[in-house]
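Down below is the structure, laid out as structure tokens.
What you are looking at is a predicted structure, and each value in this text was computed from that prediction instead of being measured.
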Amino acid sequence: MDLGASSGRVMAGRVGPGTLELEEVRRFPNRPVRVNGTLHWDILGLYGNVLDGLRAAPAGLASIGIDSWAVDYGLLDAGGRLIGNPVHYRDARTDGVMDRIRAEVGDDLLYQTSGLQFLPFNTVYQLAADDLARARTLLLVPDLLAHWLTGAVGAERTNASTTGLLDVRDGAWSQDLLARLGLPAGVLPPIREPGEMLGTLRPDVAEETGHPVTLPVVAVGSHDTASAVAAVPATTDRFAYISCGTWSLVGVELREPVLTEASRKANFTNEGGVDGTVRYLRNVMGLWLLQESMRAWGNPDLPALLAEAADVPGLRSLIDPDDPEFLPPGDMPARIAAHCRRRGFPEPATHAETVRCIMDSLALAHRATLRQASRLSGQEIDVVHLVGGGSRNELLCRLTADAAGLPVVAGPVEATALGNVLTQARAHGLAGTLAESRALVAATQPLRRYEPSGDTARWSEAAARLGR
């Protein structure tokens, strides 16, 4: 089960010597719902779709694994009942909370503890804005769904590392930080590792879905980016990745966190990866800008619009994709035009010009983040692997290669589902090491390589104009 911010999929994976295949069993929308001014996830609707997917899945499954977006959670009361629908990370309830917590606790303690990028929707700030009076257990979204399937309670490490409450050095919940924030330590469940068997299906779930009660649920890299990075088809250690979808997660894979003052000031994050790796990265706003623009325009034909945008002169209109004004839902094209106007760039006059502005700006953001990641971590980069849905966007892949001055290998599109499946397969002894799993991805999945044009001067000039 792979749950994204806009849609979810149930995929059947097959793994064997020289074999790595996916079959889509069910796809469904993930539509947030605003109730009384608060933006919620429809978590019961998502769970219902997971059950429908299991009913449609083939018999003889070896196991189940669940990944999703990070930071959001459900709270259970003393009886194990869900207190309320999880709140969406784009909801305004955390407005101003991060600044207050940073002032009260201090950036140094927060960063030295969690190593996380300062983002207003991190779990730690959501909890500070939440009512925890009845809460007895906090479960992140994949852990909540796994709990309903099996009854097991836990927090998978890669997703727990995005909360701001996990100590990046010892891998345990930070009791000091919890005490300073006045948060109840008892609500945080035990940590689970990727590849760990969480439990087997509850009898009622087995009866409802037609699968045996012995079917296990395995902890995977339950943060979708952790699963995606596990499926990067890297053949060298000197690689960077861009997991590109609603967000662009841009970074490198390390063995140890980077907790320097320079890293904190650059707002880089140290999140957990499969096999104890560190995903050293920054969040870039990503294709959310395009998705919201398409929604505002009534969802016109995207391939045709991208082809038209490719013919628009580049690097004329530029935005900073990470400006907080682009975070909430709304009229994205109007915000982009206003942003360009304030910064002295021409306002995009057509849909294609707006799309080209987004693509150029994302490529510049990718360029800046890749360079920072290399400089701050000391990790040299020979190639960039762009995985996820964004790897189908030929214009973005080509512009990213040109901007970064590095070859971009695009694909696999289904990196998250592949990483999920491979982690399960490794738990069953059906796949080898992380490096061997990546070699299997490279050998079996369609990839496309984009070489940089070599015209770095134009990109350097554009970056300077944008202040990057």
Geometric class of the Trp41/Tyr89 ring pair [parallel <30°, tilted 30-60°, perpendicular >60°]: tilted
Flag side-chain contact, heavy atom, 4.5 Å: Met98 against Thr94: no
Heavy-atom closest contact (Ile336 atom, Ser293 atom, distance): CD1-OG, 4.1 Å
From CG (Leu75) to CG (Leu82), nearest 0.5 Å: 8.0 Å
Salt bridge (charged side-chain N to carboxylate O under 4.0 Å, His left out) involving Arg93 - partner list, sequence neighbours excluded: Asp130
Residue Arg26 excluded, over 12 heavy atoms near CZ under 6.0 Å: yes
Non-neighbouring partners of Tyr241 that pass ring-ring contact (aromatic ring centres under 6.0 Å, His included), sequence neighbours left out: none
Heavy-atom pair of closest approach, residues Ala365 and Pro321: CB-CG, 4.1 Å
Pairs flagged by salt bridge (charged side-chain N to carboxylate O under 4.0 Å, His left out) wherever residues 267-277 is involved - sequence neighbours left out: Glu271-Arg279, Asp275-Arg426
Expected output: side-chain Gln112 to main-chain Leu259 donor-acceptor under 3.5 Å: yes
Side-chain ion pair, Arg438 and Glu253, N-O less than 4.0 Å: yes
Side chain to side chain contact (heavy atoms under 4.5 Å, CB included) between Arg202 and Glu208, intermediate numbers included: CA-CA 10 Å; Arg202 294 161 46 102; Glu208 186 173 352; over 6 Å; no
Smallest separation among heavy atoms of Thr158 and Ser161, with atom names: O-OG, 2.6 Å
Under 3.5 Å: donor-acceptor pair, side chain of Thr200, backbone of Leu215: no
Atom pair OG1/CH2 of Thr162 and Trp69 - distance to nearest 0.5 Å: 12.0 Å
Salt bridge (charged side-chain N to carboxylate O under 4.0 Å, His left out) contacts in which one or both residues fall within residues 221-250, not counting sequence neighbours: Arg238-Glu380, Arg238-Asp382
Any donor-acceptor pair under 3.5 Å from Ser374 side chain to Leu370 backbone: no
Backbone of Thr38 reached by a side-chain donor or acceptor of Asp91 within 3.5 Å: no
Val187 to Ala135 - nearest heavy-atom pair and separation: CG1-O, 3.8 Å
Heavy-atom check, side chain of Leu127 versus side chain of Leu138, under 4.5 Å: yes
Shortest non-hydrogen separation from Ala410 to Tyr450 and the atoms involved: CB-CE1, 3.8 Å
Pairing residues for Arg367 by the salt bridge (charged side-chain N to carboxylate O under 4.0 Å, His left out) criterion, not counting sequence neighbours: none
Set of side-chain hydrogen bond (donor to acceptor under 3.5 Å, both in side chains) partners for Ser222, sequence neighbours left out: Glu156
Side-chain donor/acceptor of Asp77 to backbone N/O of Gly79, under 3.5 Å: yes
Any Pro452 side-chain heavy atom under 4.5 Å of Leu406 side chain: no
Heavy-atom side-chain contact between Phe121 and Arg90 under 4.5 Å: no
Over 12 non-hydrogen atoms of neighbours within 6.0 angstrom of CD in Glu24: yes
Whether Thr150 side chain and Gly199 backbone form a donor-acceptor pair below 3.5 Å: no
Main-chain N/O of Val71 paired with Thr123 side-chain donor or acceptor, under 3.5 Å: yes
Val153: side-chain contact (heavy atoms from CB on, under 4.5 Å) partners, not counting sequence neighbours: Thr137, Leu139, His147, Pro189
Expected output: side-chain Ser63 to main-chain Pro216 donor-acceptor under 3.5 Å: no
Polar side-chain atom of Asn420 near backbone of Gly65 as donor-acceptor pair, under 3.5 Å: yes
Flag side-chain contact, heavy atom, 4.5 Å: Val205 against Trp148: no
CG-CG distance between Leu254 and Leu281, expressed to the nearest 0.5 angstrom: 10.0 Å
Within-4.5 Å side-chain heavy-atom neighbours: Leu165 and Thr113: no
Any donor-acceptor pair under 3.5 Å from Asn270 side chain to Val258 backbone: yes
CG-CG distance between Asn49 and Leu46, expressed to the nearest 0.5 angstrom: 7.0 Å
Euclidean distance, Asn30 CG relative to Leu3 CG, rounded to 0.5 Å: 7.0 Å
Trace of the side chain to side chain contact (heavy atoms under 4.5 Å, CB included) decision for Leu149 with Leu51: CA-CA 9 Å; Leu149 290 176; Leu51 294 177; 4.0 Å; yes
Under the salt bridge (charged side-chain N to carboxylate O under 4.0 Å, His left out) test, residues paired with Arg449 that sit two or more places apart: Glu451
Neighbour count above 12 (heavy atom, 6.0 Å) for Arg31 CZ: no
Side-chain heavy-atom pair His88, Arg34 within 4.5 angstrom cut-off: no
Side chains of Leu287 and Cys244 in contact at under 4.5 Å (non-hydrogen atoms): yes
Pairs meeting criterion salt bridge (charged side-chain N to carboxylate O under 4.0 Å, His left out) with involvement of residues 189-199, two or more places apart: Arg157-Glu193, Arg192-Glu196
Donor-acceptor list for residues 395-404 side chains, cut-off 3.5 Å, not counting sequence neighbours:
| unit_1 | atom_1 | unit_2 | atom_2 | d |
| --- | --- | --- | --- | --- |
| Thr400 | OG1 | His366 | ND1 | 3.1 |
| Thr400 | OG1 | Leu396 | O | 2.8 |
| Asp402 | OD1 | Ser453 | N | 2.8 |
| Asp402 | OD1 | Ser453 | OG | 3.3 |

Shortest non-hydrogen contact between Ser227 and Thr416, atoms and distance: CB-O, 3.4 Å
OG1 on Thr444 to CG on Leu20, rounded to 0.5 Å: 4.0 Å
Distance-only polar pair, side chains of Tyr280 and Ser263, donor-acceptor under 3.5 Å: yes
Asp170: partners by salt bridge (charged side-chain N to carboxylate O under 4.0 Å, His left out), with sequence neighbours left out: none
Under 3.5 Å, which donor-acceptor pairs do the side chains of residues 9-18 form with other protein atoms, sequence neighbours left out?
| unit_1 | atom_1 | unit_2 | atom_2 | d |
| --- | --- | --- | --- | --- |
| Arg9 | NE | Asp2 | OD2 | 3.1 |
| Arg9 | NH1 | Glu414 | OE1 | 2.8 |
| Arg9 | NH1 | Glu414 | OE2 | 3.1 |
| Arg9 | NH2 | Asp2 | OD2 | 2.4 |
| Arg9 | NH2 | Glu414 | OE1 | 2.7 |
| Arg14 | NH1 | Glu23 | OE1 | 3.3 |
| Arg14 | NH2 | Glu23 | OE1 | 3.3 |

